[in-house]
Asks: 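Before I ask anything, here is the structure I am working with.
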Amino acid sequence: MDKGNDKYVKAPLGMKDIFPDERLLWTEMENAAREEFEIAGYHEIRTPVFEDTRLFVRSIGETTDIVEKEMYTFGDTAGSTITLRPENTAPVMRAYLEYELFKTKKFRKFYYIGPMFRKERPQAGRLRQFHQMGIEAIGSYDPLLDVETIKVATRVYDRLGLDGYVVKVNTIGCEKCRPGYRAILKEELLQYKDELCELCKARIERNVFRVLDCKNKKCKEIRQNVSNTEDHTCSDCRDHFKTVKGAFDDINLEYTIDPHLVRGLDYYTKTVYEITHPAMGARDTICAGGRYDNLISDIGGPPTGAVGFAAGMEASMIAVLKTRENNKNSQPDTSSLSPDVYIVSISAETRNHCFKLLNELRLSGLSVDMDYESRTPKAQMKVANKINSRFTIIMGPDEIEKGVIKLKNMQTGDETFSGDTDKIIQIVKGNK
RNA sequence: GUGGGUGUAGCUCAGUUGGUUAGAGCACCAGAUUGUGGUUCUGGGGGCCGGGGGUUCGAAUCCCCUCACUCACCCCA
């Protein structure tokens, strides 16, 4: 193929195609998620992939990188712009608000699975079009829900057989105590300003909390000397966090408190959490979430508590594949990609008869295929073997003349004849 | 936006101090007598060595530029 040809077009940067064999894991992951979400009372909501740009600016925060430089934003009708969703919490809240659910069914649990878009440089497990699955519990301030959402996430991972993930939790305070802590932290860090890395110097003004999870060695040392989040949260937040910790213990959910855990999106309050996995590259988060009690009021609704998470599907998949690679025992089940029967036509003259039989057999629900590449009978057998067809039907002049079907079991090599199509169907179905 | 790494057949990679028609494995296709697969054997198709420029008698191999991919940083799932 001439890749210098100007007709040759590739997928845009950071966009991936998912082919059938790979898709198996996607379906497996989606099914695991759907089942666990439904078990916990969360139901699917599907929102548009586009939203009014203002929704994300108001919810995610004007000074975040996502809004400043990573959104795919396009002109819509005169004077307005739309943006491909960079995350799905705000859209779900928007829908909740738009349909005024707080008036009728205030407490709602939703889940979603779908593509998100961020215009950043792609790297391991992070793409420009990526996929998230997440849940949102809206209309309650109950700390037990914080733990419920985490438990739901870990159950999905358990079901997928993921080993070695770590649950990290922290509290970042609420609108009452966070501003105070922000000021204190800023003041304390300014004393070390010359020792901090260039990035953190800027972060003091831009987003102080980010200094707390800087990877720079010196910055790590310095933050040992400044007061941490928990010392400055208000009694309300402290009580909330205490209940959260107690609930973890009640259901034997392992977790670690990470006082340096912060979040990049502005809307988080109180509890924040992350699930990380060592199979990932430098950025090891596969799932992240927390409480966002101010989000709905930020976009014009009444004060409404909410909590939820988003799991990165590509990232989670890397972790799952790594686990399976290590265990080596579990071979992926690819049987859904193979037909039950492959019909081999002996000559060109018998193809129409084969095509007729193929359609008849498909009516019974069997997956049946035949050759469309004018291959020789031998080559057709090779294909049948290659694609792991459980049975073949060999159809030639002899069979047509006698009015029989010759069925071959590809595992045992046994061949049987029958003039009764229903009997053939029963044999194939009985052998599954 | 910034930094590092890599770019040779569909895939994974070899290619020696620059030297004649660029290789392997896998995959693909075709044969190994009469209408039939899986193992084996034989043969075959397929690469202007990412692109452009330069050095040289001669470059996949050296130099420059460019593009792409990749890892990492910022930020984030």
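Order of the sequence lines fixes the chain letters, A, B, ..., with proteins taken first and strands second; residue numbering starts at 1 for each chain.
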Asks: Does the base of B:U36 carry an N or O that pairs as donor and acceptor with the side chain of A:E415 under 3.5 Å?
Replies: yes
Asks: B:U70 P sits how many Å from A:E120 CD, rounded?
Replies: 13 Å
Asks: Answer with base, sugar-phosphate or nothing: what part of the nucleic acid does A:G413 contact at a heavy-atom distance below 4.0 Å?
Replies: base
Asks: Assess the pair A:F37 and A:Y111: is the distance between their ring centroids shorter than 6.0 Å?
Replies: yes
Asks: Determine the sole option in A:R85, A:M15, A:Q132 for which the side chain to side chain contact (heavy atoms under 4.5 Å, CB included) test with A:P115 is passed.
Replies: A:R85
Asks: Any donor-acceptor pair under 3.5 Å between the side chain of A:K378 and the base of B:U36?
Replies: no
Asks: Determine: side-chain N/O of A:R126 to OP1/OP2 of B:C75, distance under 4.0 Å, yes or no.
Replies: no
Asks: Pick the closest RNA chain B nucleotide for A:P377 and for A:G14 by heavy atoms, then say which residue is nearer the 5' end.
Replies: A:P377
Asks: Assign A:R375 to base, sugar-phosphate, or nothing according to its heavy-atom contacts below 4.0 angstrom with the strands shown.
Replies: sugar-phosphate
Asks: More than 12 foreign heavy atoms under 6.0 Å from CZ of A:F74: is that the case here?
Replies: yes
Asks: Check the pair A:L407, A:I427 against side-chain contact (heavy atoms from CB on, under 4.5 Å), reporting the backbone distance first and the verdict last.
Replies: CA-CA 9 Å; A:L407 181 73; A:I427 293 173; 3.8 Å; yes
Asks: Rounded off to whole Å, could you give me the NZ-to-C1' distance for the A:K382 and B:A32 pair?
Replies: 11 Å
Asks: Have a look at A:K16 and say if it touches a base, only the backbone sugar-phosphate, or nothing, with a 4.0 Å heavy-atom cut-off.
Replies: sugar-phosphate
Asks: Using atom CZ of A:R121 as one end and atom P of B:G4 as the other, report the distance to the nearest whole Å.
Replies: 12 Å
Asks: Quickly work out the A:Q123 CD to B:C74 C1' distance and round it to whole Å.
Replies: 10 Å
Asks: Ignoring hydrogens and geometry beyond distance, is the side chain of A:E399 in donor-acceptor contact with the base of B:G35 at under 3.5 Å?
Replies: yes
Asks: Atom CD of A:E70 to atom C1' of B:C73: distance rounded to whole Å?
Replies: 13 Å
Asks: How far, in whole Å, is B:G19 from B:U12 if one measures between their C1' atoms?
Replies: 29 Å
Asks: Could you check whether A:K386 gets within reach of a base, just the sugar-phosphate, or nothing at all, counting any heavy atom under 4.0 Å?
Replies: sugar-phosphate
Asks: Can you check whether A:S345's main-chain N or O pairs, donor with acceptor, with A:Q380's side chain at less than 3.5 Å?
Replies: yes
Asks: Using the side-chain contact (heavy atoms from CB on, under 4.5 Å) rule, take A:T89 and A:L295 through it: C-alpha gap first, then chi angles, then the decisive distance, then the call.
Replies: CA-CA 9 Å; A:T89 295; A:L295 178 49; 3.7 Å; yes
Asks: Counting any heavy atom closer than 4.0 Å, what does A:L127 reach on the DNA or RNA strands: base, sugar-phosphate only, or nothing?
Replies: base
Asks: For atom P, what is the distance between B:C65 and B:G3, given to the nearest Å?
Replies: 13 Å
Asks: Hey, does the side chain of A:T47 reach the backbone of A:V92 with a donor-acceptor pair shorter than 3.5 angstrom?
Replies: no
Asks: So for atom CZ, which belongs to A:F19, do other residues, nucleotides or ligands contribute more than 12 heavy atoms lying within a distance under 6.0 Å?
Replies: no
Asks: Can you list, by residue number, the residues of residues 308-320 of chain A that have a non-hydrogen atom closer than 4.0 angstrom to RNA chain B?
Replies: A:A310, A:G312
Asks: Counting heavy atoms not belonging to A:K429, are there more than 12 under 6.0 Å from its NZ?
Replies: yes
Asks: Using the criterion of both pairing distances under 3.5 Å for Watson-Crick and G-U wobble pairs, give all stems of 3 or more consecutive pairs involving RNA chain B.
Replies: B:1-7 with B:67-73, B:10-13 with B:23-26, B:28-32 with B:40-44, B:50-54 with B:62-66
Asks: Looking at A:E314 and A:R126, is there a salt bridge between them, counting it only when a charged N and a carboxylate O are closer than 4.0 Å?
Replies: no
Asks: Considering every strand and a 4.0 Å limit on heavy-atom distances, what is the contact class for A:K408: base, sugar-phosphate, or nothing?
Replies: base
Asks: Can you tell me, in whole Å, how much space there is between the P of B:G25 and that of B:A14?
Replies: 16 Å
